[in-house]
Amino acid sequence: MTRTLRFLVNETPVSTKAWALAPALDFIRRDLGLTGTKEGCREGDCGACAVILGERRAGTFSYKAVPSCLLVLGELEGRHLVTIEGLSSAKLTPVMRAIAEANGSQCGFCSPGFVISLTAYLMNPSPLSVEGAISAVEGNLCRCTGYASIKRAAARLVEEFRDLPLESFARLDALVKAGVVSASCLAFARGELLPDAVGGAQEEPEAPGLPRGRELKLGGGSDYLVRNPEPDGAVIDSFALLDRDPSLRLVRREGEVLAIGAALNWREFFSNADVLKLIPGIAGFEACLASPLVRERATLGGNIANASPVGDLTSMLIALGAMLRLEGAGETRELALEAFFLGYKKIDLKPGEFISTILLPASRPFALFNFEKVSKRERLDIAVVNSAASFEIEGEAGRMRVIRARISAGGVAPIPLLLAKTQAYLEGKSIGPDTALEAARIAASEAAPISDVRGSADYRRRLLERLVLAHFVRLFPGLGIEEAIA
Amino acid sequence: VKSTLASELNVSGATRYLDDLPESAGMLYGIPCVSPCAHGRLKSIDASAALALDPSVRVLTAADIPGVNQLGEAVPDESLLVEEEWSYKGESVALVLASGASLARRAASLVKLDYEELKAVTDPREAAALGTFILPSRTMSMGEASAAFSRCAIVVEGRVDSGGQEHVYLETQGAIAEPREGGRVFVLSGTQAPTGVQRAVARVLGIGQHDVEVETRRLGGGFGGKEDQAAQWAGLAALGAACTGKSVKVYLKRREDMSWTGKRHPYSSDYKLGLDAEGRILAYEADYYQNSGACCDLSPAILSRTLFHAGSAYRVPNLRVTGYMCRTNLPPFTAFRGFGAPQGVFVMECALDAAAAKGGWDPVELRRNNLLADGDSFHFGQSVTDCHAAKSVDRLLELSRWKELRAEIESFNASHRLEKRGAAILPICFGVSFTKLVMNQGGALVHVYADGSVSVSTGAVEMGQQVSRKIQVVVAKAFGIAEESVRIESTSTATVANTYPTAASTGSDINGMAALAACEEIRGRLLGLAARLLGAEKGELRIEAGLVAKGCEVTELTWKELVDRAHLDRIDLSAHGFYATPGLSYDMKAERGSPFAYHVYGCAAVSATLDVLRGTYRFDEAYIVHDVGESIDTAVDLGQAEGAFAQGLGWSCLEDLRYDESGRLLSDTLSTYKLPDIRFMPPKLVVEFLADAPNAKAVMRSKAIGEPPFLYGIAGYFAVLDALRAARLAAGKDAPLLHDIPMTPEKALDYIQGVRP
């Protein structure tokens, strides 16, 4: 069942018969002997193993930093893997120099990951800012520096490269000339170094990319590798990497709904123009989810199928009234996202089925959407409790009435919840302090949380009450709700 | 700033850590099969399924240990492999070896342990009630605390808790052992204490220290976690190598490392503080219940530092503090930056916090009025000299624009209902030296090669603290040559013997001085030769910028020529240097003496904004005025101050080490144990080194830097508490004490809502 995977590693084409579900990190360190990429945690939480993944699609290209511990080898097929060793042939790159000269490397173990994240930030064809550069390393942990020197290095880089072109080829060309990345990136981007490979890491699928039979199906593989850090080839007959199928990464209108390919990754989702047009209020909430590194690997469908009771994106999608389209077991069927969860980590998925599409009602934009999350650490942490809300309102300021509300809650039950009683209560109510307080109280009564390492059951219930209040405070300022909170 | 070679290697991914080194053919991978519960009696080990997995699998038990099955130095209570009983979950019971790392782990999971589960204790106060201690308690006192309380206008009493802290050195623990001819063994160990590992391996294998060579190249972080606890992994690797005749590598995965190794000691303490009507401290008593974990490890030394720092930066005329080393069924808690001082300092700060609340004093004034000054005496009898406490605080109040900051906060709080700001300052006083006298010694070996380049070996282990950089500067200055000509070697027991751990912030103090001593000797020989060559007096010569200078004149004699000539003249170009910190003495019976070479002072201010609705908070600003003497390298010292502050902020506010009642670690991955990330740190952090504070007592008039700034993080805790109080008071409610590290969002919301734990 093994087939040859072909991809480009730094400046060298590589072909391997290594098992396509193995973490790329192990292949990079053991098979390729490229030990500049470090193993820090093997669950996407430290960024020490970050690499840059280049991809060509439809005449364009992208280079993104990803954690190689959450990257199955099959994802490399036809792509360009850039490790710390491949950034420059001999001398230091400007990113390396900036960190070294800011004394931003102490023990050094995390340093290659920071260099990779900042390099990918420069490659991304958007205007630079110090805040943006800092955000780019939100998924990189350093235990030595306290990050102050790394911030200084980031600020220096932003200053040094503020005139980078925004057009992607021109930008890459400028970065190659500046010695930030090697010429192989430009050659790959132009299609000169490696011919386009056909998507899919397995044997050629009958219908390109579409999985068949009883196989393991991965979205981006980020949850899979956390749970199976050393996948055992003996127990899996076949598998499919859904995100290698371009059709599963499309966002398109289907009449009254927006159909979003389940293999779309989180970064793509939050930057998609149709999504932002439909849900203007969702902009910026991506920072609450995982890290830039992980958002590049995590897919919408993967987050849903993982069935975590506290999945952030799942929580958002439930409040948006998402439906799932399930395919693969003969008949295609659709069901409401909240109905997909049957119990703790139990989902309504038949053998052979997979989530192909997430369908959002799109007859009119979601005017009032909010997401709330509390975790021990604000960034790159799993929520203690999360909640999303969307409201349909009639009437003017001061006399607003709820037509319909959808409020979700994560981390308060074995499954992600749609707060049905809270919603029912809200229907037709005029918005004001009393309504908000009562809705929050009802929401808390709908919660059935447990105590664990992230928080006690009692805390979770009280926190949900506060987060539901927070929806009102954020979405309906000036109605005296803030003042009514004890 | 110019980058150093080490930094350049780091950022380009060229630095090789233990797991990056090429592996020798036939190498075996070792992983322990560990105890499945916190306390149990081993009945039998069934390795048959593991052995059947693959022909390369070997399973070694305590019976295979040729020497003494003992790692404990202070107290012999820590075996390499369990013989009859284990006392924490994750203790090594058998060593499983196989030709691949994954294979070894699979084999280890197949080893069946037949055992009887015994009662486990995880709470230090419960252990104390049971009388289960590592060693007898220890008390330090000065004056008559109990009598002085009757003269106090205000007395406060309370309980203080602080949690443990996982080191999260990015490079996990490990070792590679290679058998050498003649029964010798070479161990590449990720340790802060190569000699300690050498002693442990020699003991376990029953051979002499001269048959064990331990080398440490560099560590991907240590922070104390690899001071005592690296011996376990090196010991296992060496045992495997000795029994199989093959190289053995033991390298832990993150979850294994987190579950099996010790962390910062959790403490639970009781305090009583008395002050006069003007807010002057008259008396202080404290009992510290240290959760020592299952084995002694470094707990006694850590407890002693808690006791030594009981008074923190304050004058306490009557004091009595007692520490209890409570034995529990958790992995042995161990060294972590600050080494017991943060726990003790936090208790004193909580007592002052309670006093300020009760007495209605301004928290800053209260602290400012009680600072140590020259002429005072520490409670262990050492005189306070060269004290920079008040100077640091005053400068900090200027630097942070404290009055304006407070006014801004008041006005912000008056106009914001669901957000409240808070701020706090924290002065520090940290004693430098190992509190165990014998450890305050170190050696160095310096070779000048005939081409003029220099090789320096010391006992210092490079773990990111950039001690190598500091020693490089010291040596380059001593020889008057370019820094690039000086190479700092890896740390090896075969080069410099009988060293002590790179710890207690003393790395550059002790090893820098030892290197300097060696340099002085070689320099003396070279200048003697130069004097003959130039017809000058040796005393009027020196070397500067690679040239011999006479008085104010530079001669044409270069360093390179001088060295070359010395070699031709058969002059020894190598020297060993030694340093023993002078002036230290301590009488353990009387608990009196001068255990510290000097103290480090400073002060921090931190401000935070609390989200009252959600119970979360962010740090806004931090200002630090820190005493580094005359910095050897300001970039290095700045990095140490900023990094230590981050760890301190993490410990006091964010990092939530959790065990369940059965002794199982719940926060055993980086997804459940969160440490500071770039957004957790305050966007504004200003560190200023105290001006005009040379230190006559350390190398190049510098001061140790590693640990003291850790304490500044505690200011973050009180900044959040200040904001929490503002939220309660604004709501017309009471503002009780909350003295329980870490300040999790859960505790914050509980406080806001008046939910008592």
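Within every chain, numbering begins at 1; the chains are lettered A, B, ... in the order of the sequence lines, protein sequences first and strands thereafter. These numbers come from a predicted model, not from an experiment.
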Do B:Arg618 and A:Glu378 sit within salt-bridge range, that is, some charged N less than 4.0 Å from a carboxylate O?
yes

Under 4.5 Å to a heavy atom of chain A? For B:Val755 that would be side chain

Structural part of B:Met681 lying under 4.5 Å from a heavy atom of chain A:
both

Any chance you could measure A:Asp381, atom CG, to B:Asp677, atom CG, to the nearest 0.5 Å?
9.0 Å

Side chain from CB out, backbone as N, CA, C, O: work out which of these in B:Ile752 comes under 4.5 Å of a heavy atom of chain A, or both, or neither.
side chain

Tell me, for B:Pro22 versus chain A, whether the close heavy atoms (under 4.5 Å) come from the side chain, the backbone, both or neither.
neither

Using non-hydrogen atoms and a 4.5 Å limit, figure out which bit of B:Arg417 sits close to chain A: side chain, backbone, both or neither.
both

Is it the side chain or the backbone of B:Pro742 that comes within 4.5 Å of chain A heavy atoms, both, or neither?
neither

Spatial distance of atom CG (A:Leu469) from atom CZ (B:Arg614) [nearest 0.5 Å]
10.0 Å

With respect to chain A, which residue among B:Lys2, B:Arg16, B:His167 yields the maximal number of heavy-atom pairs within a distance under 4.5 Å?
B:His167

Below 4.5 Å from any heavy atom of chain A, which atoms of B:Tyr251 appear? Answer side chain, backbone, both or neither.
side chain

Sort B:Glu642 into side chain, backbone, both or neither according to what part of it lies under 4.5 angstrom from a heavy atom of chain A.
both

Charged N to carboxylate O below 4.0 Å: is that the case for B:Asp19 and A:Lys38?
no

Salt bridge or not between B:Lys253 and A:Glu39? Use side-chain N to carboxylate O under 4.0 Å.
yes

Does A:Arg97 have any side chain to side chain donor-acceptor pair (under 3.5 Å) partners at least two apart in sequence or in another chain, and if so, which?
none

Looking only at heavy atoms and a cut-off of under 4.5 Å, which of B:Thr616, B:Thr172, B:Thr672 has the most pairs with chain A?
B:Thr672

Which atoms of B:Ala635 come close to chain A, meaning under 4.5 Å heavy atom to heavy atom: side chain ones, backbone ones, both, or neither?
both

Where does B:Gln753 contact chain A at under 4.5 Å (heavy atoms): side chain, backbone, both or neither?
side chain

Set out, in order, the CA-CA distance, both residues' side-chain angles and the distance that settles side chain to side chain contact (heavy atoms under 4.5 Å, CB included) for B:Thr669 and A:Glu43, then state yes or no.
CA-CA 9 Å; B:Thr669 59; A:Glu43 54 174 347; 3.0 Å; yes

Only pairs of heavy atoms separated by less than 4.5 Å count here; which of B:Thr744, B:Asp656, B:Leu685, B:Leu219 has the most with chain A?
B:Asp656

Heavy-atom contact with chain A under 4.5 Å, split by part of B:Leu649
neither

At a 4.5 Å cut-off on heavy atoms, which part of B:Glu655 comes close to chain A: side chain, backbone, both, or neither?
side chain

Say you draw a straight line from OG of A:Ser291 to CD1 of B:Ile678; how long is it, rounded to the nearest 0.5 Å?
12.5 Å

